[in-house]
Amino acid sequence: MSQISLTFPDGNARDYPAGITAAEVAESIAPSLAKRAISASLDGKHIDLAWPITSSGTIAINTMKDEAPALELIRHDFAHIMARAVQKLWPDTKVTIGPVRDFGWFYDFDRAEPFTPEDLGAIEAEMKWIIAARDPVRTEVWDRDRAIAYYEDQNEPFKLELIDRIPEGEDLRMYWHGDWQDLCRGPHLQNTGQLPADAFKLTHLAGAYWLGDATRPMLQRIYGVAFRNRDDLKAHLTMLEEAAKRDHRKLGREMDLFHMQEEAPGQIFWHPNGWNIYVALQDYMRRRQRAGGYVEVNTPQVVSRKLWEESGHWENYQDHMFIVEVDEEHAKTKTVNALKPMNCPCHVQIFNVGLKSYRDLPLRMAEFGSCNRYEPSGALHGIMRVRGFTQDDAHIFCTENQIEAETKRFIEFLSAIYRDLGFDSFRVKFATRPEHRAGSDETWDKAESALLSATRAAGIEPEINPGEGAFYGPKLEFVLTDAIGRDWQCGTHQVDFVLPERLDASYIGEDGAKHRPVMLHRATLGSFERFIGILIENFAGKLPLWLAPRQVVVASIVSDADDYVHEIVAQLQAKGIRAEADTRNEKINYKVREHSVAKVPVILAIGMKEVETRTVSMRRLDNQGSQNLSLEEVTNQLASEATPPDLR
RNA sequence: GCCGGUUUAGCUCAGCAGGUAGAGCAGCUGAUUUGUAAUCAGAAGGUCGCGGGUUCGAUUCCUGCAACCGGCACCA
C-alpha cells in the first residue's frame, strides 16, 4: 500500500499508509489524544475519525475543546438522534433532511398527524434515553442501487428523492446511530453518549416546504439548539430572553410609538412619539440627499394599470398590488388603477418630460415615496414588513460608463449614513439574475459585471445571493439584523437596463443622437418603517438624543418649583429640544421610574434647591446619580447633543 | 398563501371538567408636597376577536372567518 505524509499543526510531518483513519492517526500520536479525539480537520475540511485518508495533507485532530468542530458535530448528531427519537415514538413518520443551523439544527418530517408543542417534551425525553444508551455511531459507503433498494424497503420516499439528486459517481454515505440509519454526508461523533444531555433544548415547531419549494408538500420542522455544556445553553436562553425585550413591537407599545389594528393590517398608526423619530430621520435624510446631489420629487399614489403594464410590474406583481377601480357614472369603461407599489415608473415619467441632454446626467431623482403592496398575510411582521410604507427611494439616470462612479458614490453615501445611525458594519449581498426576468442575457451580463466591479471598486467584496435579483436587474442588498438575529434587507442598489427601454427613456448625447440612459434604483434606509424597527431593536429603545422621541422631561419635586419647571421647558423648547414638564403630584422616585421605563434619555429633577440657585439636577437614562448644573450649561449641552450628526 | 399556535379590562396575565368572569399595573377620585426606578385609600372598568352551530344554558365544545405570534414560501 502506498504511503502518505500528514503534517500536524506544530509543523511536524509523519508518513502513514494510505487509507489510515484519523482515529488511527490520533492513536499513533498518543492514546490519550485518541480518547479525546472527536474528528479531524484535513486541509481545512472537517472529517470523521472513521474515514480513510487517502492522500497527503495537513491534519489537526479535534477534541471537544475545539469549539467550531465540536459544536458542528454535537448539533449534527443531535439532529440524527432527534429523528431517531421521533421515528421511535411515531414509526410511520418519514424522515427528510436535518442540517445544522445557527445555534442548533432542524429536522423536517413528513407525518399525517401534526406534532404538538407537548410532543417536544416526549421527544426530548426519548433523546435523553438514546444519549444514555451510548450507542455506537458507524458509517459505510454504499453504492447507489443498494441505497435505493434499502430506502424502497424502508418506505422512505424523501430519501429516495435525495439520492436521485446526488450526482452520479458521488459516494452515498450511510450513518447509523445505534440501529437507526440515515443517509448523511457526516462527519459525526463516535457514540451517542458524547452528546451533552443537559445542553440541548427543542425550541419550536414550524411548517416548511420540501426542498424549500412552495409547490411541494409541506413538512413539519422541529428546531433545536445545543451547546457543549449546560451553562452555554443557559446563556443562550438568557440572551434570547433579553433580545425579546428589545422587540420593536413590545417597545413600540411601551414607548407609545405606534400601533396597528385589524382594520388596516400591515399598516401603521404612528403616535406622536413614533412620528417624532420618523420626522427626525426624514429631515436628516432630506438634508443628506440634498448634500449628496439629489433632486427631490413627489409622484401620484393612484396610477393607471396602463403604466404598470408598460413597466412589467402588472405581469409580475398584479396579485400583490392594491387595485383601485373607479366606476365613473358616465364613463363607458371602468378604469383600473393600482396604488403605487413602487416609484420607478413614476420617476421615469418625470425624466421623460422634455428633452434630456447628456449634460443632465447623472440625474439623481429622489422621493420619499409612499408605496402600498398587498404582501402575503404570512409575510407581515411588526413594522418591518408592512403593506404601506415609505421608501427613501431614488433613481439615478446615467450613462453606462457612469455606473461605476455612481455605485461607488452611493456605497460611500450609505456607509456614512449607517455610521451616523449606529451601524458601523453591515452585510452586503450581490443578488444575481432570477429565473423569471426581463431583458436579454447580454444585458444581464453587462449589468451584473458593471455592478460587481463597481462594488469591488468601492472596496467591498459582497456575498453572492444567486438568483435573487429583481426581474429587471441585479441588485446589491445592504442587510441589517434585528434583535434576535433575523436578517432584513434595508438599503439596495440596482442596475437596470430594462425599464428605460420599456418606458422609452432617452437623452440626447454629445453626438446629437438619442440614447438610452441606465437607471440605478437605490434606497439607503430602504423604508422608514423597517429602518425605524431596526433602530429601535438595535438601541433597545434607547435612541441617541437627536432621534429620541421624548428627549427631556423636567420633573418637579415640589409644586412650588412648577413655575421654574415651565421656564426650563420653554427655554429648552426654544432651542428645538423636545422637552416636557411633569408637574404631577407624585414623588420624584415615581416620576424617575416612569420616565426611565419609557426610555426618556434625560430627566431634569427640580426642587427648591434648584429654584433658589437657578440650577437643574440632570439624570441620564441608566445612570444612577445626577449632576447639578446651571440652566445655561444644561441648555447648551443638550442643544448641542441633540443636533443631528450631519449638522455638527 | 401554507403548517402550527394564540386571541379574556388600556397593558401583563389567571379562569379545574360548559352554569353570563378575576388579579396586578395603568386610568379615574380623594388624601399626601415628596430629593432621583413604584405613597396610601376608594370607586369604576370586560357584548371573553367576529359570525354560525350543538346545548335548557357557551368565554369554555364544534365550525367558518379575521388579526396576531413562530416558521416556510414570497419580498418589484
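All of these numbers come straight from a predicted model, not from anything done at the bench. Letters A, B, ... are given to chains in the order of the sequence lines, protein chains preceding strands, and every chain is numbered from 1.
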Can a donor-acceptor pair under 3.5 Å be found between the side-chain atoms of [X] and the base atoms of [N]?
X: A/Y209; N: B/G1; result: yes
X: A/R385; N: B/C74; result: yes
X: A/E610; N: B/G35; result: yes
X: A/R437; N: B/A76; result: no

Polar atoms only, N or O, under 3.5 Å: list the protein pairs with nucleotides 61-64 of chain B and their distances.
none

Tell me whether the OP1 or OP2 atom of [N] has a side-chain N or O from [X] closer than 4.0 Å.
X: A/K475; N: B/A76; result: yes
X: A/R249; N: B/C69; result: yes
X: A/R584; N: B/U33; result: no
X: A/Y590; N: B/U33; result: no
X: A/R486; N: B/G71; result: yes

Check your understanding: Could A/R75 and A/F227 be counted as a cation-pi pair, given that NZ or CZ must be under 6.0 Å from the ring centre and within 45° of the axis?
Key -> yes
Please work out if [X] contacts a base, only the sugar-phosphate, or nothing of the nucleic acid, heavy-atom cut-off 4.0 Å.
X: A/M608; answer: base
X: A/G212; answer: sugar-phosphate
X: A/G526; answer: nothing
X: A/N623; answer: nothing
X: A/R619; answer: base
X: A/P341; answer: base
X: A/N589; answer: sugar-phosphate
X: A/K591; answer: nothing
X: A/F115; answer: nothing
X: A/A208; answer: sugar-phosphate
X: A/A605; answer: base

Where the side chain of [X] is defined as all heavy atoms beyond and including C-beta, which of [options] is the nearest nucleotide?
X: A/E586; options: B/U39, B/A37, B/C68; value: B/U39
X: A/I588; options: B/C3, B/G35, B/A37; value: B/G35
X: A/R373; options: B/G71, B/U36, B/C75; value: B/C75
X: A/S377; options: B/G1, B/G35, B/U39; value: B/G1
X: A/A379; options: B/A73, B/G35, B/A37; value: B/A73
X: A/V558; options: B/A37, B/U36, B/U33; value: B/U33
X: A/H320; options: B/A37, B/A76, B/G35; value: B/A76
X: A/H204; options: B/G4, B/C75, B/G70; value: B/G70
X: A/A470; options: B/C74, B/A76, B/A37; value: B/A76

Check your understanding: Mind checking whether A/H395 and A/H521 have side chains closer than 4.5 Å, heavy atoms only?
Key ->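 Answer yes - side chains close enough.
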Check your understanding: What residues, two or more places apart in sequence or in another chain, satisfy salt bridge (Lys or Arg N to Asp or Glu O under 4.0 Å) together with A/E537?
Key -> none
Exercise for review: Please state the C1' separation for the pair B/U55 and B/G42 - nearest whole angstrom.
Suggested key: 42 Å
State whether [X] and [Y] are salt-bridged, where the test is any N-O pair (Lys NZ or Arg NE/NH1/NH2 against Asp/Glu carboxylate O) under 4.0 Å.
X: A/E641; Y: A/R620; value: yes
X: A/D504; Y: A/R516; value: yes
X: A/E586; Y: A/R593; value: no
X: A/K245; Y: A/E242; value: yes

Between the protein and nucleotides 5-11 of chain B, list every N/O to N/O distance that falls short of 3.5 Å.
{"residue": "B/C11", "atom": "O3'", "partner": "A/R253", "partner atom": "NE", "Å": "3.4"}

Review point. Regarding A/E468 and A/Q489, is there a side-chain donor-to-acceptor distance under 3.5 Å anywhere?
Key: no
Check your understanding: Are A/Q349 and A/T299 close enough that a side-chain donor and a side-chain acceptor fall under 3.5 Å?
Key ->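 No, A/T299 and A/Q349 have no side-chain donor paired with an acceptor closer than 3.5 Å.
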Check your understanding: Do A/H313 and A/F471 make the cut of ring centroids closer than 6.0 angstrom?
Key ->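 So the answer is yes for these two rings.
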Practice item. Any chance you could measure A/K94, atom NZ, to A/F158, atom CZ, to the nearest 0.5 Å? Key: 9.0 Å
Check your understanding: Pairing of RNA chain B as dot-bracket, 5' to 3': ( ) intra-strand, [ ] crossing, | other strand, . unpaired, with Watson-Crick or G-U pairs under 3.5 Å?
Key -> (((((((..((((.....[..))))..((((.......))))......(((((..]....))))))))))))....
Exercise for review: Return yes if some donor-acceptor pair links the side-chain N/O of A/T492 with the main-chain N/O of A/A523 below 3.5 Å, else return no.
Suggested key: no
Point to revise | Candidates A/Y209, A/Y107, A/W210 - the one meeting side chain to side chain contact (heavy atoms under 4.5 Å, CB included) with A/L219 | key: A/W210
Point to revise | Residue met sooner reading RNA chain B from 5', once A/Y223 and A/F471 are mapped to nucleotides | key: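 That would be A/Y223.
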Check your understanding: Taking for each residue the nucleotide of RNA chain B with the nearest heavy atom, is it A/A214 or A/G607 whose nucleotide lies nearer the 5' end?
Key ->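 Its nearest nucleotide lies further toward 5', so the answer is A/G607.
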Review point. For A/Q301, what residues pass the side chain to side chain donor-acceptor pair (under 3.5 Å) criterion, not counting sequence neighbours?
Key: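 Residues passing side chain to side chain donor-acceptor pair (under 3.5 Å) with A/Q301: none at all.
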Can you check nucleotides 14-17 of chain B for protein contacts, nitrogen or oxygen pairs under 3.5 Å, and list what you find?
none

Practice item. Check step by step if salt bridge (Lys or Arg N to Asp or Glu O under 4.0 Å) holds for A/R433 and A/D445. Key: CA-CA 9 Å; A/R433 68 191 76 185; A/D445 289 342; 2.7 Å; yes
Point to revise | d(CG, A/L380; P, B/A73) in whole Å | key: 17 Å
